[in-house]
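Just so you know, ligand 1 is whichever comes first in the structure, and atom 1 is the first atom listed for that ligand. Heads up: numbering here begins at 1 and tracks the sequence. As the structure is a computational prediction, the values presented were derived from the model and not from experiment.
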Amino acid sequence: MTKKQKKMLVRILITAVMLIALKFIPITGIPQLLAYLAAYAVIGYDILKKAVHGIASGRPFDENFLMALATLGAFAVAIWTKSGDYVEGIAVMLFYQIGELFQSYAVGKSRRNISALMDIRPDYANIETDGQLTQVSPDEVAVGSIIVVQPGEKVPLDGVIVEGTASLNTSALTGESLPRDVKAGDEIISGCIDLSGVLKIRTTKAFGESTVSKILDLVENASSRKSRSEAFISRFAKIYTPAVCFAALALAILIPLGRMLAGASADWVTWIYRALTFLVVSCPCALVISIPLSFFAGIGGASREGILIKGSNYLEALADAKIVVFDKTGTLTQGVFEVTAVHHSPYDEQQLLEYAALAECASSHPISKSLQRAYGGAIDRERVADIEELSGHGVTATVDGHTVAAGNAKLMKKLGVAYRDCHSTGTIIHMAIDGQYAGHIVISDIVKPHSKQAIAQLKKCGVQKTVMLTGDARRVADEVASELGVDEVRSELLPAGKVEELEKLLAQRGKNDKLAFVGDGINDAPVLTRADIGIAMGAMGSDAAIEAADVVLMDDDPLQISKAIGISRKCIGIVRQNIVFSLIVKFGCLALTAAGITDMWAAIFADVGVMVLAVLNAIRALRYHAPKV
Ligand code: ADP
Ligand code: MG
């Protein structure tokens with residue numbers, strides 16, 4: 001409990017004791033009134049202050065105003081009727097404050113829970129100088145420095161391991177609970193926890209650019225993007241609060257006046273009392289609090305599963321996803337190609353690979369990384385000049401003074417080089433050296449282990465269509481698509497072609513249906529931005545993709561997409577339940593009050609009760625259990 005919450009608890013207890021004591025102390029008249037007013041002041045002074053503030057700043061219609069008006073009104077009625085029943089006004093204030101206390105406690109607790117889940121911020125980095133480790137703040141470490149991570153510590157910065165082996169716990173980043181083994185030469189991202197060995201890491205990014213900082217920024221800013229439901233509630237409150245105030249005024253004045261005109265007794269006291277009760281009932285706090293809390297819990301629960309959602313609006317859109325479009329390389333397939341053959345080349349295999357690897361040395365495409373790996377040797381960038389990457393085609397460069405081109409048939413056509421078709425299945429990298437065709441390298445990729453299951457899961461959770469867009473050759477694309485059970489394929493697309501195909505799909509979707517695109521951001525960043533929901537692969541994908549995307553999957557597993565949809569549906573379900581439940585109870589109570597059936601006590605019980613239930617319901621969004629398959 002915070003200090004503020006403790007103080008409120010003390011005020012609640014004092015007021016309760018005072019109320020009980022006053023029941024047994026036989027005072028009447030003015031001293032009695034003063035004693036009750038003192039109890040009222042203890043419990044309600046802050047509400048009165050806020051209400052006055054609201055009126056002074058020209059925005060009177062808030063819940064503080066409603067509570068102040070209703071409780072002071074109850075006092076006025078008690079004085080007027082000389083009943084001496086001052087308990088009511090105080091009790092209403094007391095219950096209201098108990099409700100507020102509960103709510104601030106519950107909200108604070110779930111926020112702390114979520115932050116604890118996201119506890120990936122590293123506090124320090126170890127730098128070794130003359131055999132001594134010194135701790136420095138991660139943002140003081142220059143790119144290219146060597147840092148040391150010991151067992152039990154968080155990896156503070158992104159980098160490459162230069163020495164050591166270890167198991168890493170990546171669960172805070174990816175939701176994956178199995179430890180991952182790493183060794184010298186592997187890339188490592190910040191936010192993982194070292195479970196076993198000592199690692200020496202050469203940093204490749206500054207702290208602000210490292211994975212942890214990006215994730216934290218993302219989650220912290222997520223709540224600023226409002227969903228339609230949240231926007232609806234704030235618009236609703238703007239109309240609702242003044243409306244109930246005027247309705248109360250009508251109850252208090254118009255009905256007694258009407259009765260007078262009709263010749264009956266006006267009965268002012270009854271109607272003013274009803275109007276005051278009406279005000280107590282009308283307070284919309286259950287809605288105002290529980291809806292943002294549900295979204296916050298949903299986003300927090302998703303991030304615990306390794307799914308980062310950048311705003312409530314995307315969470316809401318995910319629940320309506322009906323078309324899911326995939327990129328192939330790096331998304332459904334691993335993007336790790338093996339060289340399976342070299343055909344029609346006047347060069348020997350290793351030499352051709354060397355040319356290819358050198359020409360590709362600056363590209364971040366999975367093909368380029370695979371060719372460099374297949375070559376295996378060290379790459380001396382001094383030998384390479386004039387590198388040009390043509391997206392969806394390949395690369396051209398000058399290597400040792402020879403012009404080298406490596407890419408697909410489109411590239412060869414563009415350069416006017418006569419190439420030879422290949423009949424093996426696989427991705428074909430044609431090579432041209434000094435303008436002469438130099439044969440082709442056949443490489444093949446494997447599909448990710450969960451891709452097929454991921455497509456099946458999407459179907460099961462109500463996605464109507466799955467589509468694969470790829471820049472790769474038709475034969476490979478068709479084979480992958482039929483293996484995975486994707487509904488439609490479009491192949492041999494340039495990045496602009498992917499956008500065009502996406503536009504067509506967007507035009508086909510139903511009015512309330514949403515389209516999600518899943519990619520790794522290499523040659524598909526424009527599509528990621530254009531889709532209703534852009535989903536990027538976080539570990540493999542480029543930084544640009546993570547920036548352009550609305551949802552980031554930390555562990556690159558396509559199975560996470562149906563999980564993300566499941567989480568969003570659960571969260572939206574909770575939001576709807578809360579809206580419907582609080583509105584029904586609210587309007588029901590308002591009607592009962594206007595008819596004179598409930599008194600102020602029942603009203604405040606109903607109000608606090610609904611709020612508590614709605615908040616407890618909202619917290620459910622934090623947990624998600626995937627349906628068994
Ligand atoms: P995908 O849609 O499957 O992710 P891309 O649009 O990234 O594929 O690339 C499409 C095709 O362009 C590749 O299959 C390859 O033939 C060619 N290509 C793209 N970049 C390169 C590169 N760096 N080196 C060689 N070929 C490339
Ligand atoms: Mg790609």
* Asked: Is there a side chain to side chain contact (heavy atoms under 4.5 Å, CB included) between Met468 and Asp327 once you walk through the steps?
  -> CA-CA 6 Å; Met468 186 175 92; Asp327 174 49; over 6 Å; no

What atoms in ligand 1 come closer than 4.0 Å to a heavy atom of [X]?
{"X": "Lys498", "result": "1 (P), 2 (O), 4 (O), 6 (O)"}
{"X": "Thr470", "result": "1 (P), 2 (O), 3 (O)"}
{"X": "Glu389", "result": "23 (N)"}
{"X": "Ser363", "result": "23 (N)"}

* To do: Among Thr329, Thr427, Thr333, find the one that has a side-chain hydrogen bond (donor to acceptor under 3.5 Å, both in side chains) with Asp472.
  => Thr427

Shortest heavy-atom approach to [atom] - which of [options]:
{"atom": "atom 19 (C) of ligand 1", "options": "Lys328, Glu360, His365", "value": "His365"}
{"atom": "atom 11 (C) of ligand 1", "options": "Pro495, Pro366, Gly471, Ser491", "value": "Gly471"}
{"atom": "atom 12 (O) of ligand 1", "options": "Gly392, Gly335, Gly519", "value": "Gly392"}

Min N/O separation [X] to ligand 1 under 3.5 Å:
{"X": "Val395", "result": "no"}
{"X": "Ile428", "result": "no"}
{"X": "Ser368", "result": "no"}
{"X": "Thr427", "result": "no"}

Is it the side chain (CB and beyond), the backbone, both or neither of [X] that lies under 4.0 Å from ligand 1, heavy atoms counted?
{"X": "His393", "answer": "backbone"}
{"X": "Thr329", "answer": "both"}
{"X": "Asp472", "answer": "both"}

* Nearest 0.5 Å please: distance from the CG atom of Asp487 over to the OG1 atom of Thr466. => 3.5 Å

* Other residues, nucleotides, ligands: >12 heavy atoms within 6.0 Å of Gln350 CD -> yes

* Check the surroundings of atom CD in Glu187: do more than 12 heavy atoms from other residues, nucleotides or ligands lie under 6.0 Å from it? => no

* Partner of Thr203 by side chain to side chain contact (heavy atoms under 4.5 Å, CB included), out of Ile147, Asp158, Val160 -> Ile147

* Below 6.0 angstrom between ring centroids: does that apply to His430 and Tyr437? -> yes

* Is it the case that Ser167 and Asp181 place a side-chain donor and acceptor less than 3.5 Å from each other? -> yes

* **Within-4.5 Å side-chain heavy-atom neighbours: Phe207 and Glu140** => no

